[in-house]
Colleague: 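This structure is in structure tokens; I'll ask about it shortly.
Atom set for the values below is all heavy atoms of this structure, side chains included, hydrogens, waters and symmetry mates excluded. Just so it is clear: chains get the letters A, B, ... in the order the sequence lines come, proteins before strands, and each one is counted from 1.
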4 protein chains.
Amino acid sequence: MERSAKGSRERILAAAEEVFAAKGIDGARVDEIAHLAQVNKRMLYHYFNSKEDLYTYVLKVNFEKSLAAGKKAFSEKGDLKQQVAEAIRNYFYFLAANPNYPRLMAWEALQGGNYARKVLPEIWEEGLPSLKAILEEGVARGVFRPDLDLKQVLASITTLCSGYFTNKDILAILWEEDPLSPDNREKRLKHIIDLILRSIVI
Amino acid sequence: MERSAKGSRERILAAAEEVFAAKGIDGARVDEIAHLAQVNKRMLYHYFNSKEDLYTYVLKVNFEKSLAAGKKAFSEKGDLKQQVAEAIRNYFYFLAANPNYPRLMAWEALQGGNYARKVLPEIWEEGLPSLKAILEEGVARGVFRPDLDLKQVLASITTLCSGYFTNKDILAILWEEDPLSPDNREKRLKHIIDLILRSIVI
Amino acid sequence: MERSAKGSRERILAAAEEVFAAKGIDGARVDEIAHLAQVNKRMLYHYFNSKEDLYTYVLKVNFEKSLAAGKKAFSEKGDLKQQVAEAIRNYFYFLAANPNYPRLMAWEALQGGNYARKVLPEIWEEGLPSLKAILEEGVARGVFRPDLDLKQVLASITTLCSGYFTNKDILAILWEEDPLSPDNREKRLKHIIDLILRSIVI
Amino acid sequence: MERSAKGSRERILAAAEEVFAAKGIDGARVDEIAHLAQVNKRMLYHYFNSKEDLYTYVLKVNFEKSLAAGKKAFSEKGDLKQQVAEAIRNYFYFLAANPNYPRLMAWEALQGGNYARKVLPEIWEEGLPSLKAILEEGVARGVFRPDLDLKQVLASITTLCSGYFTNKDILAILWEEDPLSPDNREKRLKHIIDLILRSIVI
DNA sequence: GATGAATGAGAATTCATTCAT
DNA sequence: GATGAATGAATTCTCATTCAT
């Protein structure tokens, strides 16, 4: 049993993340979370006070994970183009490795970010600070187009990356393939990088 | 009273679209829909049988609207690049004019397309057939890159366009501006068109 | 169309009898009755005021039909035993010919006769007056047992006859045959007559 | 408070049996059952899932009670006639002691046995196996008529016995006495036994 | 007489939350 | 920390009945 491997609190948190990511806060059922976490429902209230608070906490934890990932300095080897590519790749594979994250963000976005706003107004997924820095340097050095609109570029990158994961089920239907297979994932990433790079170089 | 201005059925449908787009099927309340439609709750069941069926019907109507819009032949003036730009512009402004549509699709996508699948497995938003045709012609004529992966390009276009609208609330927070203002909308569209065109021409 | 063959009122009455007999007053749906009668639901209220009144009226009509059948003088040929047999036969085939009647009575009996009581306290299915008379005469003439308890005998006859029809579905399951087939019906009737006659003759 | 005297589950079951026996599934109200059981309505769903399932479960429990009663071996003293009388008496007093049982069966019979069929297609109230055995033995030994139709005899016995209880309210009106008074009950039983015995002996 | 649309009261069912232990 | 049973407030859905024409 990995029942006691993690403590109840951790199990609840993990279960909640799973269920909220799968169904959103309105579709999620407290019973399902408790059952999945193999704890008595009461414990959930013991540790997290309410469904809403639990949800908000799950968001918080995920934001922090994402921030931490964003900050992890990546090797600054290669030219700026390569660094941009690398940053996108890092972000893309962070999403792939943490599939609950983009889904949680997507549910939250549709709800106007009301829960996220309460706890973490500042963060959200601007969280590509290193990328921003590289792009700025590229512009300064004349490697990237001088008329680059950073806001737009960053929005495009995050949308393209996270959109791939939040729309996986639909793409699976349309493409009749599994978008999450390593091959397809890599193909998609290459396409996104190509798209972005072509649009920013002079 | 604009009581019987539109029939109850239409009012219910309109109200349902509004509420489902705003809150998703799980967040929506039948009472709210009935109230917004200014009808007795009973009528909702009379016309649409259940909340779920009503939701599915709203999806259906929206799919059809989108298909109709996609089919509307656009002027084939200008070169192929201009035609691509025009097709993206049409799609983008269709979403802007029908803000419920991208949101409904986004909720649905997060739920794995379970409801949509029931009604219209085939459609979804591949629905950019004219665009696909233009791209193919461009490749054939040697105007666009021969190695163009249409699937990828189309996925990027739809993701970029609809992602802008489904994430509007988050962008509003990050940018501290209204993403839906005509100016910002147009600026975003131009960015997307530029991004795509640069990536497809030789 | 036999739609206009009978007037709406008659069609409603016929439909109501059918549905009430099939499902009882609580299981019956006004909508189903109206639909079966091919009339607008409003007409039902026009003619019969309420579901309850309609039900009560159906009971009344059926009581009267049964009384009328019971009064129809039967040929007084043959000895008293033959006359008893004939009376039971008449009753049994009246029930067979009017399958709604025993069912309506059975639903009503389970409900304590509350609706019937309101309108027709006197009738119910004592309605075998001719039979009663024959039995009394038989006792007087010394043909039947002097210690005959008429109440008990009549109760047995009605129970045995109507019970066969109200339990038809269960018997169908147990016997794996159709209790209402002419053969089985006749066999059952013969059994009942035999049972009763043996118990009343000296 | 005899609040937890019996567990809620048992109280719900008892209350449900009472209410379903009194009013049938369509006439019964979940609220009434919950109130009678002194539990929160929610518990009913917790333990039994739905009104329909609760009803089906009540049927099941009653079937089993009846089967158990039927199996209880009765003293095989006396001749076969006495044994038949004893078996009928046992059955009759089982019904008297469990008044909900014949009523539940009667409602169910009128509905075509649709719910019972789900749970226990095989049982129903053929459940007089010991009686059947005695009758067969009697025929074999030449004590009972060789042309005895067992199916018919058993149907008559069950109909006469259970019919007495399901029609009690009507008999009360007709007879202007209480059919359930010990005296009247016993008188009725004697009549039934006499009726049956006379019809089966040679 | 006849109709289709509408309604309010109520019935079944669900859900987050809390109590007693 | 932990638990099973319990609850009240919604929430979805149903039904007999009535209104406007």
Colleague: Minimum heavy-atom separation for Ala106(A) to Thr166(A), with atom names?
Modeller: CB-CG2, 3.6 Å
Colleague: Using the ring pair (Phe, Tyr, Trp, His ring centres under 6.0 Å) criterion, which residues pair with Tyr55(C)? Sequence neighbours excluded.
Modeller: Phe20(C), Tyr115(C)
Colleague: Of the nucleotides dA5(F), dG1(F), dA6(E), which one has an atom closest to the side chain of Met43(A)?
Modeller: dG1(F)
Colleague: Ignoring hydrogens and geometry, is there a side-chain-to-backbone donor-acceptor pair from Glu17(B) to Asn100(B) under 3.5 Å?
Modeller: no
Colleague: Using whole Å, what does the distance between atom C1' of nucleotide dA16(E) and atom NE2 of His46(A) come to?
Modeller: 18 Å
Colleague: For Phe48(D), which contact category applies under a 4.0 Å heavy-atom criterion: base, sugar-phosphate, or nothing?
Modeller: nothing
Colleague: Rounded off to whole Å, could you give me the CG-to-P distance for the Leu44(C) and dA2(E) pair?
Modeller: 13 Å
Colleague: Using atom P of each nucleotide, how far apart are dG1(E) and dA20(F) to the nearest Å?
Modeller: 23 Å
Colleague: Applying salt bridge (charged side-chain N to carboxylate O under 4.0 Å, His left out), can you list everything that pairs with Glu52(B), at least two apart in sequence or on another chain?
Modeller: Lys118(B)
Colleague: Tell me the interatomic distance from Arg9(C), atom CZ, to dA2(E), atom C1', rounded to whole angstroms.
Modeller: 16 Å
Colleague: Please list, chain by chain and in numerical order, all residues satisfying salt bridge (charged side-chain N to carboxylate O under 4.0 Å, His left out) with Lys23(B), sequence neighbours excluded.
Modeller: Glu32(B)
Colleague: Give the B/S/- string for nucleotides 14-21 of chain F, one per nucleotide from 5' to 3', where a protein heavy atom under 4.0 Å of the base yields B, of only the sugar-phosphate yields S, and otherwise -.
Modeller: BBSBBB--
Colleague: Just grab all the salt bridge (Lys or Arg N to Asp or Glu O under 4.0 Å) pairs involving residues 33-50 of chain B, residues at least two apart or on different chains.
Modeller: Asp31(B)-Lys41(B)
Colleague: To the nearest Å, give me how far apart NE2 (His35(B)) and P (dA6(E)) are.
Modeller: 17 Å
Colleague: Please name all residues satisfying side chain to side chain contact (heavy atoms under 4.5 Å, CB included) with Asp26(D), sequence neighbours left out, ordered by chain then number.
Modeller: Asp26(C), Gln111(D)
Colleague: Could you pull out all residues at least two apart from Lys51(B) that satisfy salt bridge (charged side-chain N to carboxylate O under 4.0 Å, His left out)?
Modeller: none
Colleague: Hey, is the side chain of Ser8(A) poking within less than 4.0 Å of OP1 or OP2 on dG1(F), counting only N and O atoms?
Modeller: no
Colleague: Provide, to the nearest angstrom, the distance between the OH atom belonging to Tyr47(A) and the C1' atom belonging to dT3(F).
Modeller: 13 Å
Colleague: For a stem of at least 3 consecutive Watson-Crick or G-U pairs with distances under 3.5 Å, i pairing with j, i+1 with j-1 and so on, which stems involve DNA chain F?
Modeller: E:2-21 with F:2-21
Colleague: In whole Å, what is the span from the CD atom of Glu32(A) to the C1' atom of dA16(E)?
Modeller: 15 Å
Colleague: Not counting sequence neighbours, which residues clear salt bridge (charged side-chain N to carboxylate O under 4.0 Å, His left out) with Glu10(A)? List them please.
Modeller: none
